[in-house]
Amino acid sequence: MADTTFLTWPFFEEKHRELAEAIEEWCCTNLPADHSDIDAACIKLVNDLGAAGFLKLTAVDPTDPKPLDVRSLCIMRETLARHDGLADFSFAMQGLGTGAISLFGTPEQQQWLHKTRAGQTLSAFALTEPDSGSDVANIELSAIRNGDEYVLNGEKTWISNGGIAGLYVVFARTGEAPGAKGISAFIVPADTPGLTVEERLDVMAPHPLARLGFRQLHIPAANRIGGAGEGFKISMSVLDVFRCTVGAAALGFARRALEEALARATTRKLGDGVLADMQMVQGHLAEMAIDIDASALLIYRAAWTKDMGAPRVSREAAMAKQFATDQAQQIIDKAVQIHGGEGVRSGNTVEKLYREIRALRIYEGASDVQKIIVARQLLSQEGRNAGTKRAHGHLHKGQAATG
């Protein structure tokens, strides 16, 4: 059983502890899912999570659009990931895919959220392109205004839920200005003529991913989310909310890895004792526990800060995402090592975790990108501090001259 003492930390309210208990009970009854057909599994997971009411957390209520509770999103992702990576994926995409509509959508656009919150429609976040991954400002898919319509042409790739989503939020170049200031966001229903699934993408931990084509695709101008040229700002705002939840998923994987490692170390015979009698193994277990707690502190600090009304938590979310995903990789590697040969046997829990964790260090901003975000924030703050010191210095000199 995973450690839940972190729920007593001051980051949480009673509603979060109640949620953690409820989703844990649901997971024990419904997971792991049948992964033999990934598309069907994801559709069923979304349907079931929606029927249970958990998808209400992924988007605002159109009838009462209060801010998303990021701590709740993190608790959900951590718990689901600990039980089944595909369940975490299915839940997460309902939030990420509709994030722009929750944060910036008109009341008419937010009507889509009735379906996604109920698990009746799957959603997708279509940002990445073949030649622009982390470099969002250089996306090339075009959206040309033509009267009351936009015409989209281009490609997106590595799109989660690609091919099974009913709703895509697509970021395209509308050309108001070069780079980041010339991008807009659009709602594209899956049945829109001109939207094609060009390729389904197979990855080491199977998830529904696709490369999408947009060929003379016409959508009403009313499908644009926010103002023209605001797409980059919208995409960054969405990632600002959901990035620390990626860290929470990694935390769930790490907690499961520690559970498996403890079970293995305390039952695997070694001479007259067990693996856990070895000081080196004890050291590995201690390091795993320390890194898990450190990750949890960073994740829930970022989530709490956002929930307390901070307009942006780019630095906190980047720290949480980078540290938690990188440390989870190391924690899972230690778990594989403790399992020995069994750890690399196909189908073993730690072997599946080993494949699951790798993508989290890449999507929604690779680890190196998170470091750049943190460094730029530090340097920007240092520049402001230096400017303030210079201003104070000039003020004191002026006072001395006139004193």
Side-chain angles (χ1 to χ4, degrees), residues 58-60 62 65 93-116 121-133 135-198 210-242 364:
T58 63
V60 300
M93 284 315 305
Q94 290 301 94
L96 183 65
T98 58
I101 303 174
S102 285
L103 297 177
F104 297 95
T106 64
E108 292 74 22
Q109 291 169 346
Q110 289 185 347
Q111 294 308 302
W112 275 101
L113 304 181
H114 290 297
K115 294 181 178 180
T116 62
T121 297
L122 278 70
S123 64
F125 184 76
L127 182 64
T128 302
E129 296 185 4
D131 294 325
S132 64
D135 190 8
V136 177
N138 283 325
I139 65 174
E140 296 179 352
L141 187 146
S142 65
I144 306 300
R145 184 73 181 253
N146 182 17
D148 292 333
E149 292 185 327
Y150 280 91
V151 183
L152 276 60
N153 282 284
E155 283 192 354
K156 294 291 181 181
T157 194
W158 299 112
I159 305 305
S160 297
N161 279 348
I164 62 173
L167 165 69
Y168 295 87
V169 170
V170 179
F171 295 84
R173 180 160 301 284
T174 44
E176 289 74 22
K181 294 182 179 180
I183 297 168
S184 300
F186 299 92
I187 294 172
V188 179
D191 59 1
T192 306
L195 174 59
T196 58
V197 177
E198 298 292 314
R211 178 168 60 90
L212 305 175
F214 299 78
R215 305 286 182 261
Q216 290 296 114
L217 184 148
H218 293 249
I219 53 171
N223 283 29
R224 191 187 67 214
I225 305 171
E230 293 184 352
F232 183 84
K233 179 188 74 173
I234 290 171
S235 68
M236 293 302 105
S237 296
V238 171
L239 293 176
D240 208 44
V241 170
F242 288 95
E364 291 191 41

Report task. If a pair satisfies side-chain hydrogen bond (donor to acceptor under 3.5 Å, both in side chains) and one of its residues is in residues 187-196, list it, with sequence neighbours excluded. Result -> Thr196-Glu198
**Report entry** Partners passing salt bridge (charged side-chain N to carboxylate O under 4.0 Å, His left out) against Arg215 (at least two apart in sequence or in another chain)
**Finding:** Glu155
Query - Distance (rounded to the nearest 0.5 Å) between Leu239 CG and Phe125 CZ - result: 4.5 Å
Report summary line: In terms of heavy-atom contacts, Val136 and Ile183 come closest through O-CD1, 3.6 Å
Query raised in the report: Hey, does Glu140 have a side-chain heavy atom less than 4.5 Å from the side chain of Ser132?
Result: no
Requested in this report: Identify the heavy atoms of Val60 and Ser102 that sit nearest to each other, and give their distance.
Outcome: N-OG, 3.1 Å
Query - Contact summary for Ala221 and Tyr150, nearest pair of heavy atoms - result: CA-CD1, 3.9 Å
Report summary line: When rounded to the nearest 0.5 Å, the distance separating CD of Glu108 from CD1 of Ile101 is 12.5 Å
Requested in this report: Compare every heavy atom of Leu195 with every heavy atom of Ala190, then report the nearest pair and how far apart it is.
Outcome: O-CD2, 3.7 Å
Please table the atom pairs, donor to acceptor, closer than 3.5 Å between any side-chain atom in residues 159-172 and protein atoms at least two apart or in another chain.
unit_1: Asn161; atom_1: ND2; unit_2: Ser123; atom_2: O; d: 2.9
unit_1: Tyr168; atom_1: OH; unit_2: Gly163; atom_2: N; d: 2.9

Report summary line: Sorted by chain and number, sequence neighbours left out, ring pair (Phe, Tyr, Trp, His ring centres under 6.0 Å) with Phe242 holds for none
Query raised in the report: Name the one of Val238, Ile187, Thr116 that satisfies side-chain contact (heavy atoms from CB on, under 4.5 Å) with Thr98?
Result: Thr116
Requested in this report: With the side chain counted from C-beta on, respond yes when Pro193 and His218 share a heavy-atom pair under 4.5 Å apart, and no when they do not.
Outcome: no
**Report entry** Those residues that, when tested against Glu129, pass salt bridge (charged side-chain N to carboxylate O under 4.0 Å, His left out) (two or more places apart)
**Finding:** Lys156
Query raised in the report: Can you tell me if Glu149 uses its side chain to pair, donor with acceptor, with the backbone of Asn146 under 3.5 Å?
Result: no
**Report entry** Validation row: Leu217, Asn153 side chains within 4.5 angstrom (heavy atoms)
**Finding:** no
Query raised in the report: How would you list all residue pairs meeting side-chain hydrogen bond (donor to acceptor under 3.5 Å, both in side chains) that involve residues 173-185, not counting sequence neighbours?
Result: Thr174-Glu176, Thr174-Ser184
Report task. Write down the atom of Ile225, the atom of Gly105, and the distance for their closest heavy-atom approach. Result -> CG2-N, 4.1 Å
Query raised in the report: Of the non-hydrogen atoms in Ile234 and Ala185, which two are nearest, and what is the gap between them?
Result: CD1-CB, 4.3 Å
